[in-house]
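Atom set for the values below is all heavy atoms of this structure, side chains included, hydrogens, waters and symmetry mates excluded. Within every chain, numbering begins at 1; the chains are lettered A, B, ... in the order of the sequence lines, protein sequences first and strands thereafter.
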There are 2 protein chains.
Amino acid sequence: MEERVAKETFEAAKRASVSQLLMKAGRLVNERALARVPEAPGRPRLRPSHTALLPHLDLEGTRLGVLAERLGVTKQAVTQLVDDMEAMGVLERVPDPTDGRAKLVVFADDGPTLLMQGMRYLAEIDGELAAALGPRRHAALSSALAAVIAALEGE
Amino acid sequence: MEERVAKETFEAAKRASVSQLLMKAGRLVNERALARVPEAPGRPRLRPSHTALLPHLDLEGTRLGVLAERLGVTKQAVTQLVDDMEAMGVLERVPDPTDGRAKLVVFADDGPTLLMQGMRYLAEIDGELAAALGPRRHAALSSALAAVIAALEGE
DNA sequence: CCACTTGGTCAATCTTGCTTTACTAAATGA
DNA sequence: TCATTTAGTAAAGCAAGATTGACCAAGTGG
């Protein structure tokens, strides 16, 4: 009897938690998205840490230190990320006109092109998810996720 | 004009994608869950790879090689994970009665206790999310995520 | 003018989560 | 019985993503 209850509890706990579903779904989407990016030989490959940088960039250019703060990592870590993305041709460092020490991280000439290409992969996956879920649940998912993020980030 | 359109496109792309929301929400939940687990000095700390092992364990005991297959990693990788979780007091290796070479990975005496403790952290977070979303959206999120995982795993 | 702070870089190192290579011991079967 | 397969372990190493510490050059304030 005891045994049986334990088993049920255990099996239920395995699936029931939204937190676990969220972690798993996030991981799967991440894998799928990165798998789609073609390799450019000679240049560093796009990795999750690079894509994590993108949402923090402003079109007008962003100080490296500001990026570090937004990402919650050290400036050195960002230096490495920006180095990579410079080598990929996505970003560029330009001197900050208002402070001779500072540099602004901006999109390179064809950065937006590459970026939009990346967005297309995400859009593709979105489309696949929408097809699997149907428009209603896809919309519901989108709004629920936004609320989750707001709740978790606003701590 | 051009400039303005680019900016809008860019800013919209930053948020609009469900894929991105999913990745971000997953990351945030993960961080929050791990932050809640108290450190037990002297023993290895619980890390994401450990928690990834748990859903693949059967109550009756599971062969190490089977775990490796389910996780999609080498047996050596699982050996290391099980080593850690043995040191934490969560799991135990017992000889497989049907094969002298094999070992069964089972929960240690107080393994279920520790495990349920972990589940409680997840349940807590679930509760917080439910509170933030309201019961309707929380349920919708759960069902949508299950569908996403099914779609992505069934490839 | 000089001390100090600030923005960024360089180099070395650490942790995580794996892998490859090499090995031991038990099972299997011609 | 003896060669081969199978279950697991041990040790070393690697790539990713960070960190710490030492540094330089440009601003800033007494």
Side-chain angles (χ1 to χ4, degrees), chain A residues 23-24 26-27 30-31 33-35 37 39 41 43-54 56-57 61-88 91-106, chain B residues 23 26-27 30-31 33-35 37 39 41-54 56-57 61-88 91-106:
Chain A
M23 292 189 275
K24 184 162 195 174
R27 189 172 41 74
N30 214 317
E31 283 167 11
L34 287 174
V37 178
E39 303 247 1
R43 304 186 166 189
R45 184 172 92 266
L46 189 69
R47 289 183 272 98
S49 56
H50 299 127
T51 63
L53 181 63
L54 295 177
H56 298 290
L57 293 166
T62 321
R63 290 254 187 108
L64 204 138
V66 171
L67 288 175
E69 203 177 330
R70 289 185 186 168
L71 277 168
V73 300
T74 58
K75 289 184 290 178
Q76 290 89 326
V78 175
T79 297
Q80 293 178 42
L81 289 180
V82 173
D83 283 350
D84 285 347
M85 300 196 72
E86 221 166 1
M88 293 179 215
L91 299 181
E92 232 171 13
R93 271 176 257 228
V94 300
D96 184 336
T98 75
D99 187 333
R101 296 164 301 175
K103 290 173 191 172
L104 291 177
V105 177
V106 299
Chain B
M23 292 189 276
R27 190 171 41 73
N30 215 316
E31 282 166 12
L34 287 174
V37 179
E39 303 249 359
R43 304 185 165 190
R45 188 173 87 266
L46 188 69
R47 288 183 271 100
S49 57
H50 299 126
T51 65
L53 181 63
L54 295 177
H56 299 290
L57 293 167
T62 320
R63 291 254 188 108
L64 203 138
V66 172
L67 288 175
E69 204 176 327
R70 288 184 187 169
L71 276 168
V73 301
T74 58
K75 288 183 292 176
Q76 291 87 327
V78 175
T79 298
Q80 293 178 40
L81 290 180
V82 174
D83 283 350
D84 283 348
M85 300 195 74
E86 223 167 358
M88 292 180 217
L91 300 180
E92 231 172 12
R93 271 176 258 229
V94 300
D96 184 337
T98 76
D99 187 334
R101 297 165 299 176
K103 291 173 190 173
L104 291 177
V105 177
V106 300

Engineer: Going by atom type alone, with no hydrogens or angles, which donor-acceptor pairs under 3.5 Å involve a side-chain atom of residues 72-80 of chain A and a protein atom two or more places apart or on another chain?
Structural biologist:
unit_1	atom_1	unit_2	atom_2	d
A:Thr74	OG1	A:Ala77	N	3.4
A:Thr79	OG1	A:Lys75	O	2.9

Engineer: From CG of A:Asn30 over to C1' of D:dA16, roughly how many Å is that when rounded to an integer?
Structural biologist: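 The distance from CG of A:Asn30 to C1' of D:dA16 comes to 13 Å, rounded to the nearest Å.
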Engineer: B:Val82 and B:Arg93: side chain to side chain contact (heavy atoms under 4.5 Å, CB included), yes or no, with the steps?
Structural biologist: CA-CA 8 Å; B:Val82 174; B:Arg93 271 176 258 229; 3.7 Å; yes
Engineer: Crowded around A:Glu31 CD? As in, over 12 foreign heavy atoms under 6.0 Å?
Structural biologist: yes
Engineer: Do A:Asp96 and A:Arg63 sit within salt-bridge range, that is, some charged N less than 4.0 Å from a carboxylate O?
Structural biologist: yes
Engineer: Would you say A:Thr79 reaches C:dT9's phosphate, i.e. side-chain N/O to OP1/OP2 under 4.0 Å?
Structural biologist: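 True: A:Thr79 side-chain N/O within range (under 4.0 Å) of C:dT9 OP1/OP2.
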Engineer: What distance do A:Leu91 atom CG and A:Leu67 atom CG have between them, rounded to the nearest 0.5 Å?
Structural biologist: 9.0 Å
Engineer: Just the rounded figure in Å: distance from C1' of D:dA15 to CG of A:Asp84.
Structural biologist: 12 Å
Engineer: Between atom CZ in B:Arg93 and atom C1' in D:dA10, what is the gap in whole Å?
Structural biologist: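 So the two atoms are 12 Å apart, to the nearest Å.
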Engineer: Testing B:Leu34, B:Leu81, B:Val37 for side-chain contact (heavy atoms from CB on, under 4.5 Å) with B:His50, which one passes?
Structural biologist: B:Leu81
Engineer: What residues from residues 99-106 of chain A pass a heavy-atom cutoff of under 4.0 Å to DNA chain D?
Structural biologist: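 By residue number: A:Asp99, A:Gly100, A:Arg101.
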Engineer: How does protein contact run along nucleotides 11-21 of chain C, one letter per nucleotide 5' to 3', with B for base contact, S for sugar-phosphate only, - for none, heavy atoms under 4.0 Å?
Structural biologist: -----SSBBBB
Engineer: After noting the C-alpha distance and the side-chain angles of B:Asp84 and B:Arg47, does the key distance pass the salt bridge (Lys or Arg N to Asp or Glu O under 4.0 Å) rule?
Structural biologist: CA-CA 10 Å; B:Asp84 283 348; B:Arg47 288 183 271 100; 3.1 Å; yes
Engineer: As an exercise, state the distance from CE of A:Met23 to CZ of B:Arg27, rounded to the nearest 0.5 Å.
Structural biologist: 14.0 Å
Engineer: Just the rounded figure in Å: distance from P of D:dA16 to CG of A:Leu46.
Structural biologist: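 Value for this atom pair: 12 Å.
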